[in-house]
Amino acid sequence: MSRSVQLAMAAGDQAADDPDSLRLLQLGYKQELKRGLSTLSNFAFSFANISVLTGVTATYNTGLRYGGPVSMTLGWLVVALFNGCVALSMAEICSAYPTSGGLYYWSAKLAGKEWASLASWVTGWFNIVGQWAAIASVDFSLAQLLQVIILLSTGGANGGGYMASKYVVLVICAVILILHGVINSLPIQWISLFGQIGAIWNAAGVFVLVILIPAVAKDRPSVEFVFTHLNTDNGMGIHSKAYILAVGLLMSQYSVLGYDTSAHMVEETKNADRSGPIGIITSVVCATVFGWIYLLALTTAVTDIPYLLSPGNDAGGYAIAQALYTAFHRRFGSGAGGIACLGAVAVAIFLCGIACVTSNSRMAYAFSRDGAMPLSRVWYRVNKHEVPLNVVWLAVAVAFFMALTSLGSQVAFQALGSIATLGISFVPGPFHLGRYGVVVGWAGVVWVATVTVLFSLPVAYPVANKETFNYTPVAVGGVLLLSVGAWVLRARFWFQGPITNVDTHC
């Protein structure tokens, strides 16, 4: 019996009971993960992964240093516009190809037969390495924040507080990674619950902090300062206003990454060709609105930028922590309220890390299903709870090794979240942009290319040592060199892009 006949028979058998499994079979895969997520759960994973409390808090120092209020409050709106274009295009493609592979699967389908394998291979490796880096970045950021909370709780840097060494911070990061691995080893119903808690915690946290911070802060800047003040005193040797604003945009871009999580969870989502796109779009819209409001609230506590960024302050140069601690101390004579706010943010970051591991494990599962990863048979396995357990712990292990680089330098982990491929053959799903799809898609492509350049710019002059060197071009170039090199030497002879596994099911 021919493979096409087998596929048709298998698809026909499942069509009446499960249209999602039918669509997956039509794309070449059998249903192996438990499809237990609703549209709301799918959205929650993306919103928890984006986690504006995580992104804004962790990168506020960058925004404050490069441009200050104007680069954040107005720059956020510029980034939101172009991120919206990327999200709409991703949603349209997700609707047509609802598989956990996400970006690398889409690349293969849209690049045309001649380039499908190479596009899929390179995109997949960029995507998975970027996700590993995101896990390391989020969990290491949480470890740093916990260190600051301990520092302020014990008296601050100027009051004899405990300043953890970089080795202690790394141990804290390792414990967090292990906890995230344990949670992601649970059945999907439990992981879904954490995703929903993450979404609710982010929304509720922003709501409370937006009211609390302006109410507590005695010294508040003017509206003109919040929307127009350009900080050029960055202490990094950069004086060009245009350059400063460009680098400052990266804070906003980093804060709204992660909405591809909805795509990686579609094989576990009901009504995937509609729920996936809805999850992508709504998570970006909510993150944009909540994030901007949170930014405005934080900036109302900013009056002395050089002091907030100074390593000599009580928080050791952690701007947000110092701003909150100072605001509560001036109002109530104690910074305990500021520390409590930081604790709420820490919980949000922890929940964000769970979603990061979940998203990565599903993408790695799909990538190994197509034989693209070394030891693919090991990673392409699910346990009795239909959870890809092996790749969960692979993500934890790789993220820890990435975090080890912090021992040599406080490296900022930056991930390229999307690689766009324009195609010649595309059959839209239930969600599509119609005639506007090409315009929106090209706007997204231009923005991704622009952000790629911005992430690679030097952030200090002169570039004199490991503390001022921007490692992003090295990391990106390394992934490109290794992936293309592996393709030329070996992978082109056996990797054919996404492969089907329905024959074993029929």
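For clarity, every value in this text was computed on a predicted model and none was experimentally measured.
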Exercise. Could you go step by step and tell me if T62 and T59 meet the side chain to side chain donor-acceptor pair (under 3.5 Å) rule?
Worked result: CA-CA 5 Å; T62 300; T59 60; 5.9 Å; no
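- Remark: T358 pairs with N184 by the side chain to side chain donor-acceptor pair (under 3.5 Å) rule, at least two apart or across chains.
- Side-chain contact check for S192 and S41: at least one donor-acceptor pair (N or O, by modelled atom type) lies under 3.5 Å.
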Exercise. After noting the C-alpha distance and the side-chain angles of C341 and F328, does the key distance pass the side chain to side chain contact (heavy atoms under 4.5 Å, CB included) rule?
Worked result: CA-CA 10 Å; C341 292; F328 277 88; 3.9 Å; yes
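- Proximity of a side-chain donor or acceptor of N231 to a complementary backbone N or O of L64 within less than 3.5 Å is detected.
- Nearest heavy-atom pair, A136 versus A399, reported as atom, atom and distance to 0.1 Å: CB-O, 3.4 Å.
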For this session: Given side chain to side chain contact (heavy atoms under 4.5 Å, CB included), test C286 with F43 step by step and report yes or no.
Result: CA-CA 10 Å; C286 290; F43 152 77; 4.1 Å; yes
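- In the model, N42 has a side-chain atom that pairs as donor or acceptor with a side-chain atom of S262 under 3.5 Å.
- Using a distance-only test at 3.5 Å, with no hydrogens or angles considered, no donor-acceptor pair links the side chain of W292 to the main chain of L77.
- Within the structure, salt bridge (Lys or Arg N to Asp or Glu O under 4.0 Å) contacts touching residues 36-60 (residues at least two apart or in different chains) do not occur.
- Annotation: the span from T261 atom OG1 to Y259 atom OH amounts to 11.0 Å, rounded to 0.5 Å.
- More than 12 non-hydrogen atoms from other residues, nucleotides or ligands lie less than 6.0 angstrom from CZ of R220.
- Under the 3.5 Å distance criterion, the side-chain polar atoms of N271 are left unmatched by any main-chain donor or acceptor of S275.
- In this structure, the separation between CH2 on W132 and CG on N127 is 10.5 Å, given to the nearest 0.5 Å.
- Annotation: F207, atom CZ; neighbour count of heavy atoms from other residues, nucleotides and ligands within 6.0 Å does not exceed 12.
- Considering only residues two or more places apart in sequence or on other chains, F367 meets the ring pair (Phe, Tyr, Trp, His ring centres under 6.0 Å) condition with Y104, W125.
- T57 places no side-chain N or O within donor-acceptor distance of the main-chain N or O of T54, the cut-off being under 3.5 Å.
- In this structure, a donor-acceptor pair under 3.5 Å is absent between the side chains of S153 and Y162.
- How far OH of Y97 is from CH2 of W106: 11.5 Å, rounded to the nearest 0.5 Å.
- Looking at N61, its side chain does come within 3.5 Å of a backbone N or O of A319 through a donor-acceptor pair.
- For the residue pair P306 and D233, the shortest heavy atom distance occurs at CG-OD2, 4.2 Å.
- Across all their heavy atoms, T154 and I150 have their closest contact at OG1-O, 2.8 Å.
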For this session: Just do the ring pair (Phe, Tyr, Trp, His ring centres under 6.0 Å) check on F350 and H180 with the steps written out, would you?
Result: CA-CA 8 Å; F350 182 82; H180 286 160; 4.5 Å; yes
For this session: Using the side chain to side chain contact (heavy atoms under 4.5 Å, CB included) rule, take V226 and L296 through it: C-alpha gap first, then chi angles, then the decisive distance, then the call.
Result: CA-CA 7 Å; V226 172; L296 292 179; 3.9 Å; yes
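- One distance of note links OG of S240 with CG of L245; it measures 8.5 Å at 0.5 Å rounding.
- Between L53 and G205, the shortest heavy-atom distance links the atoms CD1-CA, 4.2 Å.
- A heavy-atom distance below 4.5 Å is found between the side chains of F400 and L170.
- Residues satisfying the ring pair (Phe, Tyr, Trp, His ring centres under 6.0 Å) criterion with Y318, sequence neighbours excluded, are absent altogether.
- Between L110 and I93, the closest side-chain pair of non-hydrogen atoms falls below 4.5 Å.
- The backbone N or O of S310 sits less than 3.5 Å from a side-chain atom of N313, completing a donor-acceptor pair.
- For S89 (side chain) and C85 (main-chain N/O), a donor-acceptor pair under 3.5 Å exists by modelled atom type.
- Y60 is listed as a side-chain neighbour of M72, based on a closest heavy-atom distance under 4.5 Å.
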For this session: For the pair W76 and Q253, evaluate side chain to side chain donor-acceptor pair (under 3.5 Å) and give the outcome as yes or no after the intermediate values.
Result: CA-CA 8 Å; W76 182 275; Q253 176 65 24; over 6 Å; no
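- Heavy atoms of other residues, nucleotides or ligands lying less than 6.0 angstrom from CH2 of W447 number more than 12.
- Between L298 and V302, the closest side-chain pair of non-hydrogen atoms is not below 4.5 Å.
- Note that OH of Y66 is 9.0 Å distant from CD1 of I244, once rounded to the nearest 0.5 Å.
- In this structure, Q131 CD and S137 OG are separated by 13.5 Å, a value rounded to the nearest 0.5 Å.
- Of all heavy-atom pairs between V79 and S252, the closest is CG2-CB, 3.8 Å.
- Side-chain contact between M90 and L103: present, with at least one pair of heavy atoms (C-beta onward) separated by less than 4.5 Å.
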Exercise. Could you go step by step and tell me if V266 and C94 meet the side chain to side chain contact (heavy atoms under 4.5 Å, CB included) rule?
Worked result: CA-CA 9 Å; V266 290; C94 179; 3.9 Å; yes
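- The salt bridge (charged side-chain N to carboxylate O under 4.0 Å, His left out) check on R330 picks up D219, with sequence neighbours excluded.
- Considering only residues two or more places apart in sequence or on other chains, S283 meets the side chain to side chain donor-acceptor pair (under 3.5 Å) condition with none of them.
- Within the 4.5 Å cutoff, the side chain of I354 has no heavy atoms near those of the N49 side chain.
- The minimum heavy-atom distance linking T288 with A80 is given by the pair CG2-CB, 3.4 Å.
- Between V391 and R362, the closest side-chain pair of non-hydrogen atoms is not below 4.5 Å.
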